[in-house]
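One structure below.
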Amino acid sequence: MSRFSVLLIFFLLFPSLSYGEKRANVVRDAGLMSQPSSSATQIMSLTKNSQVQILERKGGWYRVSTDSGEEGWLKLIVVRYEAVGTTRSSPGVLSRLAGSTGTTGIRGMDEEQAMEARGGKANLSQLKRFAASPEEASTFARDRYLIQRKVEYYVP
Amino acid sequence: MFPSLRLKFGKSYLLKLILLLAIFSIGQVVFAGFSIGGIDVKGVFDAVSKTKDLGDKSETEEQLIGEEVSTILLAKSKVLENDRVQRYVNRVGRWVAENTERPELPWHFIVLNDASFNAYAAPGGYVFITSGTLLHLDNEAELASILAHEMAHVLRKHYLESIKSKAKVGLAVDVGKLVYGSRSGNSGNSVFTSQFGSFAMTPEDQMISAVDNLYSKGLDRDDEYEADAMAMVITARAGYDPFAFLTVLQKIEGSRPDAKEWEVFLNSHPPASGRIDALEPVSEQPFAEQEGYQLLEDRYSHHLFDE
(Lines give C-alpha, C1' and ligand atoms only; values in the text may rest on other atoms or scores of the structure.)
Protein backbone atom coordinates (compact mmCIF):
# COMPACT_ATOMS: atom_id res chain seq x y z
CA MET A 1 0.00 0.00 0.00
CA SER A 2 1.44 3.37 -0.94
CA ARG A 3 2.20 5.89 1.73
CA PHE A 4 -0.39 8.18 0.20
CA SER A 5 -3.24 5.71 0.56
CA VAL A 6 -2.19 5.00 4.12
CA LEU A 7 -2.36 8.69 4.88
CA LEU A 8 -5.70 8.98 3.09
CA ILE A 9 -7.19 6.14 5.09
CA PHE A 10 -5.71 7.66 8.26
CA PHE A 11 -7.55 10.91 7.66
CA LEU A 12 -10.78 9.21 6.63
CA LEU A 13 -10.88 7.08 9.75
CA PHE A 14 -10.17 9.83 12.23
CA PRO A 15 -13.21 11.93 13.18
CA SER A 16 -11.11 15.01 13.60
CA LEU A 17 -10.44 17.68 11.05
CA SER A 18 -7.13 18.40 9.46
CA TYR A 19 -6.47 22.06 8.97
CA GLY A 20 -3.61 22.36 6.56
CA GLU A 21 -1.96 25.70 7.22
CA LYS A 22 -4.07 27.61 9.68
CA ARG A 23 -2.34 30.17 11.80
CA ALA A 24 -3.79 31.41 15.05
CA ASN A 25 -3.06 33.40 18.21
CA VAL A 26 -3.41 32.50 21.84
CA VAL A 27 -5.40 35.16 23.71
CA ARG A 28 -4.08 34.41 27.15
CA ASP A 29 -1.42 32.28 28.86
CA ALA A 30 -2.41 28.66 28.33
CA GLY A 31 -0.96 25.21 28.76
CA LEU A 32 0.11 23.07 25.83
CA MET A 33 -0.99 19.57 26.87
CA SER A 34 0.14 16.11 25.87
CA GLN A 35 -3.46 14.95 25.46
CA PRO A 36 -6.76 16.79 24.75
CA SER A 37 -7.54 17.00 28.44
CA SER A 38 -6.96 19.43 31.31
CA SER A 39 -5.70 16.58 33.45
CA ALA A 40 -3.00 15.51 30.98
CA THR A 41 0.64 16.45 31.48
CA GLN A 42 1.59 19.92 30.43
CA ILE A 43 4.30 20.07 27.82
CA MET A 44 4.87 23.79 28.15
CA SER A 45 3.09 27.03 28.89
CA LEU A 46 2.23 29.26 25.96
CA THR A 47 2.22 32.96 26.68
CA LYS A 48 -0.47 35.35 25.54
CA ASN A 49 -0.12 36.32 21.88
CA SER A 50 1.91 33.25 20.99
CA GLN A 51 1.35 32.12 17.46
CA VAL A 52 0.50 28.53 16.65
CA GLN A 53 -0.34 26.42 13.64
CA ILE A 54 -3.56 24.46 13.95
CA LEU A 55 -3.26 20.84 12.90
CA GLU A 56 -6.55 19.25 13.94
CA ARG A 57 -9.50 19.61 16.26
CA LYS A 58 -10.97 17.12 18.68
CA GLY A 59 -14.01 18.43 20.54
CA GLY A 60 -12.92 21.52 22.48
CA TRP A 61 -9.21 21.05 21.80
CA TYR A 62 -6.84 21.88 18.95
CA ARG A 63 -3.68 19.99 18.25
CA VAL A 64 -1.18 22.69 17.39
CA SER A 65 2.45 23.20 16.64
CA THR A 66 4.35 26.17 18.00
CA ASP A 67 6.94 28.29 16.24
CA SER A 68 9.59 26.51 18.26
CA GLY A 69 8.45 23.19 16.88
CA GLU A 70 6.60 21.81 19.92
CA GLU A 71 3.37 19.95 19.35
CA GLY A 72 0.54 19.49 21.76
CA TRP A 73 -3.09 20.20 22.60
CA LEU A 74 -4.53 23.62 23.34
CA LYS A 75 -8.05 24.59 24.45
CA LEU A 76 -10.12 25.85 21.56
CA ILE A 77 -11.51 28.65 23.68
CA VAL A 78 -8.15 30.47 23.94
CA VAL A 79 -7.48 30.39 20.22
CA ARG A 80 -8.32 33.15 17.76
CA TYR A 81 -7.65 33.06 14.04
CA GLU A 82 -5.65 35.60 12.14
CA ALA A 83 -8.01 37.72 10.08
CA VAL A 84 -8.18 36.09 6.69
CA GLY A 85 -10.21 36.62 3.58
CA THR A 86 -12.80 33.96 2.91
CA THR A 87 -12.43 31.46 0.14
CA ARG A 88 -15.89 30.23 -0.74
CA SER A 89 -17.83 33.42 -0.95
CA SER A 90 -17.11 34.31 -4.56
CA PRO A 91 -20.03 35.57 -6.64
CA GLY A 92 -19.70 32.53 -8.85
CA VAL A 93 -20.41 30.14 -6.03
CA LEU A 94 -23.22 32.34 -4.78
CA SER A 95 -25.03 32.27 -8.10
CA ARG A 96 -24.48 28.53 -8.35
CA LEU A 97 -26.11 28.26 -4.94
CA ALA A 98 -28.93 30.41 -6.25
CA GLY A 99 -29.40 27.98 -9.10
CA SER A 100 -29.48 30.67 -11.74
CA THR A 101 -26.81 32.64 -13.51
CA GLY A 102 -28.51 36.01 -13.74
CA THR A 103 -30.16 37.39 -10.69
CA THR A 104 -33.06 39.78 -10.99
CA GLY A 105 -32.08 43.38 -11.45
CA ILE A 106 -31.38 45.75 -8.62
CA ARG A 107 -34.73 46.52 -7.12
CA GLY A 108 -35.83 50.07 -6.58
CA MET A 109 -36.27 50.48 -2.89
CA ASP A 110 -39.35 52.66 -2.88
CA GLU A 111 -42.59 51.71 -4.59
CA GLU A 112 -41.42 48.17 -5.20
CA GLN A 113 -40.74 47.72 -1.53
CA ALA A 114 -44.16 48.99 -0.58
CA MET A 115 -45.74 46.60 -3.05
CA GLU A 116 -43.60 43.80 -1.68
CA ALA A 117 -44.79 44.51 1.83
CA ARG A 118 -48.30 43.73 0.69
CA GLY A 119 -47.18 40.83 -1.45
CA GLY A 120 -44.85 39.72 1.31
CA LYS A 121 -47.61 37.86 3.02
CA ALA A 122 -48.20 35.82 -0.14
CA ASN A 123 -44.48 35.03 -0.30
CA LEU A 124 -44.50 33.90 3.30
CA SER A 125 -47.24 31.35 2.71
CA GLN A 126 -45.41 30.05 -0.37
CA LEU A 127 -42.25 29.55 1.68
CA LYS A 128 -44.12 27.38 4.14
CA ARG A 129 -44.03 24.57 1.61
CA PHE A 130 -40.37 23.95 2.47
CA ALA A 131 -41.15 23.19 6.09
CA ALA A 132 -40.25 19.67 7.22
CA SER A 133 -42.46 17.53 9.41
CA PRO A 134 -41.19 16.11 12.70
CA GLU A 135 -41.19 12.65 11.05
CA GLU A 136 -39.06 13.85 8.15
CA ALA A 137 -36.71 15.46 10.66
CA SER A 138 -36.37 12.24 12.68
CA THR A 139 -35.60 10.21 9.57
CA PHE A 140 -33.11 12.84 8.50
CA ALA A 141 -31.38 12.58 11.87
CA ARG A 142 -31.42 8.78 11.94
CA ASP A 143 -29.89 8.56 8.49
CA ARG A 144 -26.64 9.99 9.81
CA TYR A 145 -26.70 8.77 13.40
CA LEU A 146 -27.53 12.06 15.02
CA ILE A 147 -28.22 10.80 18.50
CA GLN A 148 -30.47 12.82 20.76
CA ARG A 149 -29.26 13.41 24.26
CA LYS A 150 -30.63 15.08 27.35
CA VAL A 151 -28.72 18.22 28.29
CA GLU A 152 -29.84 20.92 30.70
CA TYR A 153 -29.33 24.57 29.92
CA TYR A 154 -26.28 26.02 31.61
CA VAL A 155 -27.19 28.17 34.59
CA PRO A 156 -24.27 30.25 35.88
CA MET B 1 -67.83 62.57 51.13
CA PHE B 2 -70.34 61.01 48.77
CA PRO B 3 -73.48 62.68 50.05
CA SER B 4 -71.79 66.03 49.50
CA LEU B 5 -70.90 65.10 45.92
CA ARG B 6 -74.45 64.08 45.18
CA LEU B 7 -75.60 67.38 46.52
CA LYS B 8 -73.14 69.22 44.28
CA PHE B 9 -74.17 67.45 41.10
CA GLY B 10 -77.80 67.73 41.90
CA LYS B 11 -77.37 71.43 42.07
CA SER B 12 -75.17 72.16 39.09
CA TYR B 13 -75.75 71.20 35.45
CA LEU B 14 -72.39 72.66 34.57
CA LEU B 15 -70.63 70.28 36.90
CA LYS B 16 -72.57 67.37 35.40
CA LEU B 17 -71.49 68.46 31.98
CA ILE B 18 -67.89 68.75 33.01
CA LEU B 19 -68.06 65.29 34.55
CA LEU B 20 -69.54 63.89 31.35
CA LEU B 21 -66.84 65.53 29.28
CA ALA B 22 -64.17 64.18 31.62
CA ILE B 23 -65.53 60.66 31.25
CA PHE B 24 -65.72 61.14 27.49
CA SER B 25 -62.09 62.32 27.24
CA ILE B 26 -60.89 59.49 29.41
CA GLY B 27 -62.77 57.23 27.08
CA GLN B 28 -61.01 58.95 24.18
CA VAL B 29 -57.64 58.33 25.83
CA VAL B 30 -58.41 54.70 26.53
CA PHE B 31 -59.58 54.09 23.00
CA ALA B 32 -57.21 56.64 21.50
CA GLY B 33 -55.38 54.30 19.22
CA PHE B 34 -58.06 53.82 16.70
CA SER B 35 -60.67 56.50 17.05
CA ILE B 36 -59.16 58.94 14.57
CA GLY B 37 -57.93 58.50 11.07
CA GLY B 38 -60.54 56.22 9.64
CA ILE B 39 -59.68 53.00 11.40
CA ASP B 40 -62.63 50.72 11.84
CA VAL B 41 -63.06 50.60 15.57
CA LYS B 42 -65.53 47.74 15.48
CA GLY B 43 -63.21 45.75 13.27
CA VAL B 44 -60.36 46.08 15.72
CA PHE B 45 -62.51 44.97 18.62
CA ASP B 46 -63.67 41.99 16.58
CA ALA B 47 -60.07 41.03 15.89
CA VAL B 48 -59.20 41.29 19.55
CA SER B 49 -62.16 39.24 20.69
CA LYS B 50 -61.46 36.57 18.09
CA THR B 51 -57.88 36.46 19.31
CA LYS B 52 -59.07 35.98 22.87
CA ASP B 53 -61.49 33.24 21.82
CA LEU B 54 -58.65 31.18 20.47
CA GLY B 55 -57.42 30.58 23.97
CA ASP B 56 -53.88 31.53 24.90
CA LYS B 57 -53.85 35.12 23.73
CA SER B 58 -50.15 35.62 24.31
CA GLU B 59 -49.23 32.80 21.93
CA THR B 60 -51.53 33.99 19.19
CA GLU B 61 -50.26 37.53 19.54
CA GLU B 62 -46.77 36.11 19.10
CA GLN B 63 -47.78 34.43 15.84
CA LEU B 64 -49.55 37.54 14.60
CA ILE B 65 -46.55 39.72 15.26
CA GLY B 66 -44.17 37.12 13.88
CA GLU B 67 -46.01 36.93 10.58
CA GLU B 68 -46.11 40.70 10.29
CA VAL B 69 -42.40 41.05 11.10
CA SER B 70 -41.52 38.27 8.64
CA THR B 71 -43.60 39.89 5.92
CA ILE B 72 -41.75 43.17 6.44
CA LEU B 73 -38.37 41.41 6.49
CA LEU B 74 -39.19 39.52 3.30
CA ALA B 75 -40.14 42.74 1.56
CA LYS B 76 -36.52 43.84 1.84
CA SER B 77 -34.94 40.57 0.79
CA LYS B 78 -34.68 38.09 -2.02
CA VAL B 79 -35.41 34.48 -1.24
CA LEU B 80 -32.86 31.96 -2.51
CA GLU B 81 -34.39 30.17 -5.48
CA ASN B 82 -33.05 26.74 -4.70
CA ASP B 83 -35.63 24.28 -3.42
CA ARG B 84 -33.01 21.71 -2.49
CA VAL B 85 -31.17 24.10 -0.20
CA GLN B 86 -34.41 25.42 1.32
CA ARG B 87 -35.60 21.88 2.07
CA TYR B 88 -32.23 20.87 3.49
CA VAL B 89 -32.05 23.85 5.84
CA ASN B 90 -35.64 23.16 6.89
CA ARG B 91 -34.87 19.57 7.75
CA VAL B 92 -31.82 20.53 9.79
CA GLY B 93 -33.84 23.26 11.47
CA ARG B 94 -36.81 21.06 12.22
CA TRP B 95 -34.53 18.42 13.74
CA VAL B 96 -32.94 21.05 15.96
CA ALA B 97 -36.45 22.29 16.89
CA GLU B 98 -37.38 18.81 18.09
CA ASN B 99 -34.69 19.31 20.72
CA THR B 100 -36.04 22.56 22.12
CA GLU B 101 -38.79 23.10 24.67
CA ARG B 102 -41.19 24.33 21.96
CA PRO B 103 -41.14 21.77 19.16
CA GLU B 104 -44.81 22.44 18.53
CA LEU B 105 -44.19 25.96 17.22
CA PRO B 106 -44.66 26.26 13.44
CA TRP B 107 -40.93 26.62 12.83
CA HIS B 108 -40.07 27.87 9.34
CA PHE B 109 -36.58 28.30 7.94
CA ILE B 110 -35.98 30.66 5.06
CA VAL B 111 -32.74 30.98 3.12
CA LEU B 112 -32.23 34.43 1.63
CA ASN B 113 -30.30 35.17 -1.52
CA ASP B 114 -27.82 37.52 0.09
CA ALA B 115 -24.01 37.49 -0.05
CA SER B 116 -23.61 38.98 3.41
CA PHE B 117 -23.20 36.90 6.55
CA ASN B 118 -26.35 37.13 8.64
CA ALA B 119 -29.07 35.20 10.37
CA TYR B 120 -32.05 36.36 12.40
CA ALA B 121 -35.48 35.29 13.55
CA ALA B 122 -38.97 36.65 13.90
CA PRO B 123 -41.33 35.82 16.76
CA GLY B 124 -43.32 32.65 16.50
CA GLY B 125 -40.65 30.55 14.82
CA TYR B 126 -39.50 32.19 11.58
CA VAL B 127 -35.75 31.78 11.15
CA PHE B 128 -33.85 33.52 8.35
CA ILE B 129 -30.35 32.72 7.18
CA THR B 130 -28.48 34.18 4.22
CA SER B 131 -26.83 32.18 1.44
CA GLY B 132 -23.71 34.20 2.26
CA THR B 133 -23.67 32.60 5.69
CA LEU B 134 -23.99 29.12 4.21
CA LEU B 135 -20.92 29.78 2.10
CA HIS B 136 -18.85 30.45 5.22
CA LEU B 137 -19.80 27.26 7.02
CA ASP B 138 -18.00 23.96 6.71
CA ASN B 139 -20.48 21.42 8.01
CA GLU B 140 -24.03 20.68 9.09
CA ALA B 141 -23.20 21.09 12.79
CA GLU B 142 -22.18 24.71 12.23
CA LEU B 143 -25.46 25.32 10.39
CA ALA B 144 -27.43 23.61 13.16
CA SER B 145 -25.69 25.72 15.80
CA ILE B 146 -26.58 29.01 14.09
CA LEU B 147 -30.19 27.89 13.72
CA ALA B 148 -30.14 26.87 17.38
CA HIS B 149 -28.91 30.32 18.38
CA GLU B 150 -31.72 32.02 16.46
CA MET B 151 -34.24 29.58 17.86
CA ALA B 152 -33.05 30.44 21.36
CA HIS B 153 -33.99 34.07 20.69
CA VAL B 154 -37.49 32.88 19.76
CA LEU B 155 -37.70 30.59 22.79
CA ARG B 156 -36.77 33.45 25.11
CA LYS B 157 -38.96 35.90 23.16
CA HIS B 158 -36.10 38.37 22.73
CA TYR B 159 -37.33 39.68 19.37
CA LEU B 160 -40.95 39.71 20.51
CA GLU B 161 -40.32 41.83 23.58
CA SER B 162 -38.05 44.18 21.70
CA ILE B 163 -40.53 44.77 18.87
CA LYS B 164 -43.28 45.45 21.33
CA SER B 165 -41.30 48.06 23.14
CA LYS B 166 -39.88 49.63 19.98
CA ALA B 167 -43.28 49.98 18.32
CA LYS B 168 -43.97 52.53 21.06
CA VAL B 169 -47.71 52.26 20.94
CA GLY B 170 -50.02 54.41 22.99
CA LEU B 171 -51.16 53.41 26.43
CA ALA B 172 -54.06 51.07 25.88
CA VAL B 173 -53.26 49.86 22.43
CA ASP B 174 -51.38 46.62 22.27
CA VAL B 175 -49.37 45.45 19.35
CA GLY B 176 -51.99 43.00 18.19
CA LYS B 177 -54.22 45.87 17.33
CA LEU B 178 -51.33 47.67 15.73
CA VAL B 179 -50.70 44.72 13.48
CA TYR B 180 -54.37 44.42 12.67
CA GLY B 181 -54.45 48.08 11.72
CA SER B 182 -51.36 47.60 9.60
CA ARG B 183 -52.83 44.63 7.78
CA SER B 184 -56.18 46.09 7.02
CA GLY B 185 -54.34 48.69 5.00
CA ASN B 186 -55.78 51.64 6.80
CA SER B 187 -54.18 54.76 5.55
CA GLY B 188 -55.20 57.42 7.98
CA ASN B 189 -52.50 59.98 8.44
CA SER B 190 -52.81 60.87 12.03
CA VAL B 191 -53.77 57.69 13.74
CA PHE B 192 -52.68 57.65 17.32
CA THR B 193 -53.74 60.43 19.55
CA SER B 194 -53.81 60.50 23.25
CA GLN B 195 -53.18 63.02 25.93
CA PHE B 196 -49.61 61.78 25.86
CA GLY B 197 -48.90 62.97 22.36
CA SER B 198 -49.60 62.49 18.72
CA PHE B 199 -48.01 59.79 16.60
CA ALA B 200 -48.22 60.82 12.99
CA MET B 201 -47.47 57.40 11.58
CA THR B 202 -49.80 54.81 10.20
CA PRO B 203 -49.74 51.49 12.02
CA GLU B 204 -47.98 50.03 9.02
CA ASP B 205 -45.22 52.62 9.16
CA GLN B 206 -44.85 52.15 12.88
CA MET B 207 -44.29 48.43 12.46
CA ILE B 208 -41.87 48.91 9.58
CA SER B 209 -39.94 51.47 11.58
CA ALA B 210 -39.76 49.20 14.61
CA VAL B 211 -38.57 46.27 12.49
CA ASP B 212 -35.97 48.41 10.70
CA ASN B 213 -34.64 49.66 13.98
CA LEU B 214 -34.50 46.31 15.71
CA TYR B 215 -32.89 44.33 12.93
CA SER B 216 -30.24 46.91 12.12
CA LYS B 217 -29.30 47.65 15.72
CA GLY B 218 -29.69 44.08 16.93
CA LEU B 219 -30.62 42.69 20.31
CA ASP B 220 -28.76 43.62 23.45
CA ARG B 221 -25.63 41.86 24.61
CA ASP B 222 -27.24 39.87 27.39
CA ASP B 223 -29.78 38.42 24.96
CA GLU B 224 -26.97 37.39 22.61
CA TYR B 225 -24.95 35.78 25.39
CA GLU B 226 -28.01 33.92 26.61
CA ALA B 227 -28.78 32.65 23.11
CA ASP B 228 -25.14 31.60 22.70
CA ALA B 229 -25.21 29.46 25.84
CA MET B 230 -28.50 27.90 24.80
CA ALA B 231 -27.23 27.30 21.28
CA MET B 232 -24.39 25.09 22.49
CA VAL B 233 -26.77 23.00 24.57
CA ILE B 234 -29.46 22.65 21.88
CA THR B 235 -26.83 21.75 19.29
CA ALA B 236 -25.56 18.97 21.59
CA ARG B 237 -29.07 17.70 22.28
CA ALA B 238 -29.55 17.21 18.56
CA GLY B 239 -26.40 15.11 18.38
CA TYR B 240 -24.16 17.72 16.76
CA ASP B 241 -20.77 18.80 18.06
CA PRO B 242 -21.48 21.78 20.36
CA PHE B 243 -18.05 23.20 19.58
CA ALA B 244 -19.27 23.85 16.05
CA PHE B 245 -20.90 26.96 17.47
CA LEU B 246 -17.52 28.11 18.76
CA THR B 247 -15.85 27.50 15.43
CA VAL B 248 -18.53 29.71 13.86
CA LEU B 249 -17.76 32.45 16.40
CA GLN B 250 -14.05 32.03 15.67
CA LYS B 251 -14.77 32.60 11.98
CA ILE B 252 -16.74 35.73 12.78
CA GLU B 253 -13.96 36.91 15.10
CA GLY B 254 -11.34 36.32 12.43
CA SER B 255 -13.22 38.12 9.68
CA ARG B 256 -11.99 41.31 8.07
CA PRO B 257 -13.89 44.12 9.83
CA ASP B 258 -13.87 46.27 6.70
CA ALA B 259 -15.33 43.62 4.42
CA LYS B 260 -18.76 44.65 3.19
CA GLU B 261 -20.29 41.21 3.67
CA TRP B 262 -19.71 41.45 7.44
CA GLU B 263 -20.89 45.01 7.92
CA VAL B 264 -24.54 44.47 8.84
CA PHE B 265 -23.73 41.55 11.10
CA LEU B 266 -20.90 43.23 12.98
CA ASN B 267 -23.04 46.33 13.53
CA SER B 268 -25.84 44.32 15.05
CA HIS B 269 -23.93 41.91 17.29
CA PRO B 270 -21.53 42.26 20.22
CA PRO B 271 -17.85 41.48 19.47
CA ALA B 272 -17.26 37.79 18.81
CA SER B 273 -14.20 37.59 21.05
CA GLY B 274 -16.32 38.50 24.08
CA ARG B 275 -18.93 35.96 23.07
CA ILE B 276 -16.29 33.23 22.90
CA ASP B 277 -14.95 34.14 26.34
CA ALA B 278 -18.46 34.16 27.78
CA LEU B 279 -18.97 30.59 26.58
CA GLU B 280 -15.98 29.20 28.45
CA PRO B 281 -17.99 27.96 31.45
CA VAL B 282 -20.51 26.32 29.13
CA SER B 283 -17.74 24.63 27.17
CA GLU B 284 -16.47 23.06 30.40
CA GLN B 285 -19.74 21.38 31.28
CA PRO B 286 -19.72 17.58 31.16
CA PHE B 287 -21.95 17.44 28.08
CA ALA B 288 -19.28 19.21 26.02
CA GLU B 289 -16.78 16.44 26.73
CA GLN B 290 -18.98 13.59 25.56
CA GLU B 291 -18.13 11.49 22.55
CA GLY B 292 -20.15 10.63 19.48
CA TYR B 293 -21.11 14.08 18.25
CA GLN B 294 -21.43 14.67 14.51
CA LEU B 295 -20.21 17.34 12.16
CA LEU B 296 -21.58 15.97 8.86
CA GLU B 297 -19.31 17.90 6.55
CA ASP B 298 -20.12 15.71 3.55
CA ARG B 299 -23.92 15.90 3.89
CA TYR B 300 -23.57 19.68 4.12
CA SER B 301 -21.52 20.10 0.96
CA HIS B 302 -23.64 17.49 -0.84
CA HIS B 303 -26.84 19.46 -0.35
CA LEU B 304 -25.34 22.83 -1.06
CA PHE B 305 -22.96 22.18 -3.91
CA ASP B 306 -23.63 18.87 -5.61
CA GLU B 307 -26.07 18.70 -8.50
Side-chain angles (χ1 to χ4, degrees), chain A residues 15 17 24 27 38 57 59-60 75-77 79-86 88-91 93-94 96-100 103-104 107 109 113-121 123-124 127-128 130-134 136-138 140-141 143-154 156, chain B residues 67 70-72 74-76 78-83 85-87 90-91 94-95 98-99 103 107-110 113 115 131-132 134-136 208 229-230 233 236-241 243 246 250-251 253-256 261 273 276 279-283 285 287-290 292 294 296 299 304:
Chain A
L17 290 170
V27 293
S38 298
R57 175 167 77 85
K75 270 198 197 175
L76 183 148
I77 207 109
V79 170
R80 303 285 186 272
Y81 293 137
E82 317 264 88
V84 282
T86 51
R88 271 202 209 160
S89 57
S90 63
V93 186
L94 185 69
R96 194 151 63 90
L97 200 60
S100 56
T103 51
T104 52
R107 286 152 176 255
M109 294 299 269
Q113 223 185 350
M115 279 172 62
E116 280 290 331
R118 266 163 217 121
K121 180 135 193 262
N123 292 341
L124 193 62
L127 288 168
K128 292 179 181 184
F130 296 125
S133 66
E136 282 173 314
S138 295
F140 183 73
D143 281 351
R144 295 304 301 269
Y145 309 104
L146 286 166
I147 297 163
Q148 244 175 349
R149 45 192 97 191
K150 268 195 174 358
V151 186
E152 296 296 320
Y153 287 133
Y154 171 72
Chain B
E67 282 197 21
S70 299
T71 301
I72 293 167
L74 280 172
K76 304 155 170 294
K78 281 185 281 188
V79 172
L80 185 75
E81 281 172 31
N82 186 326
D83 285 15
V85 171
Q86 297 283 0
R87 285 207 190 93
N90 270 272
R91 276 179 294 169
R94 169 50 73 173
W95 172 242
E98 291 301 304
N99 292 279
W107 296 100
H108 293 103
F109 303 88
I110 299 147
N113 186 349
S131 49
L134 296 181
L135 293 174
H136 281 88
I208 291 174
M230 289 170 67
V233 168
R237 287 180 187 166
Y240 296 105
D241 183 352
F243 284 97
L246 278 164
Q250 284 179 323
K251 282 177 191 169
E253 202 273 338
S255 66
R256 281 219 174 87
E261 69 194 287
S273 194
I276 295 171
L279 281 172
E280 188 165 359
V282 186
S283 74
Q285 295 301 298
F287 81 89
E289 281 160 29
Q290 284 176 18
Q294 303 276 26
L296 302 184
R299 184 155 81 171
L304 259 58

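Naming convention: chains lettered A, B, ... in sequence-line order (proteins, then strands); numbering from 1 in each chain. Note that these values count all heavy atoms, side chains included, but never hydrogens, waters or copies made by symmetry.
Interface check for chain A: of the options B:P103, B:S283, B:P281, the most heavy-atom pairs under 4.5 Å are formed by B:P281. Note: A:G60 leads A:S133, A:P156, A:A24, A:G60 in heavy-atom pairs under 4.5 Å with chain B. Interface check for chain B: of the options A:A132, A:A141, A:S38, the most heavy-atom pairs under 4.5 Å are formed by A:A132.
The two residues B:L246 and A:L76 make their nearest non-hydrogen contact at CB-CD2, 3.6 Å. A:V79 and B:Q250 get closest at one heavy-atom pair: O-NE2, 3.0 Å. Taking every heavy atom of both residues into account, A:F130 and B:R87 meet most closely at CD2-CG, 4.0 Å. Considering all non-hydrogen atoms of both residues, B:S273 and A:R80 come closest at OG-NE, 3.1 Å. The heavy-atom pair separating A:L124 from B:I110 by the smallest distance is CD1-CD1, 4.3 Å.
With a 4.5 angstrom heavy-atom cutoff, B:F109 does not touch chain A via any of its atoms. Looking at B:A288, neither its backbone nor its side chain comes within 4.5 Å of chain A, counting heavy atoms on both sides. Only the backbone of A:I147 has a heavy atom closer than 4.5 Å to any heavy atom of chain B.
Evaluation of the side-chain contact (heavy atoms from CB on, under 4.5 Å) rule for A:Q148 yields B:W95, B:N99 as partners, not counting sequence neighbours.
Side-chain atoms of A:R149 and B:Q290 form a donor-acceptor pair, as typed in the model, at a separation below 3.5 Å.
For the pair B:R237 and A:Y153, the distance from NZ or CZ to the six-membered ring centre is under 6.0 Å and the angle to the ring normal is within 45 degrees.
Ion pairing between a basic and an acidic side chain is recognised when a charged N comes within 4.0 Å of a carboxylate O; B:D241 and A:R57 show such pairing.
A:E136 places none of its side-chain heavy atoms less than 4.5 Å from the side chain of B:N90. For the pair B:H108 and A:L127, the minimum side-chain heavy-atom distance is 4.5 Å or more.
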Could you please spell out the steps behind the side chain to side chain contact (heavy atoms under 4.5 Å, CB included) verdict for B:L296 and A:L146?
-> CA-CA 9 Å; B:L296 302 184; A:L146 286 166; 4.0 Å; yes
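The line from OH of A:Y81 to CD of B:E253 is 10.5 Å long, rounded to the nearest 0.5 Å.
Not one N or O on the side chain of B:Q285 forms a donor-acceptor pair closer than 3.5 Å with the backbone of A:E152.
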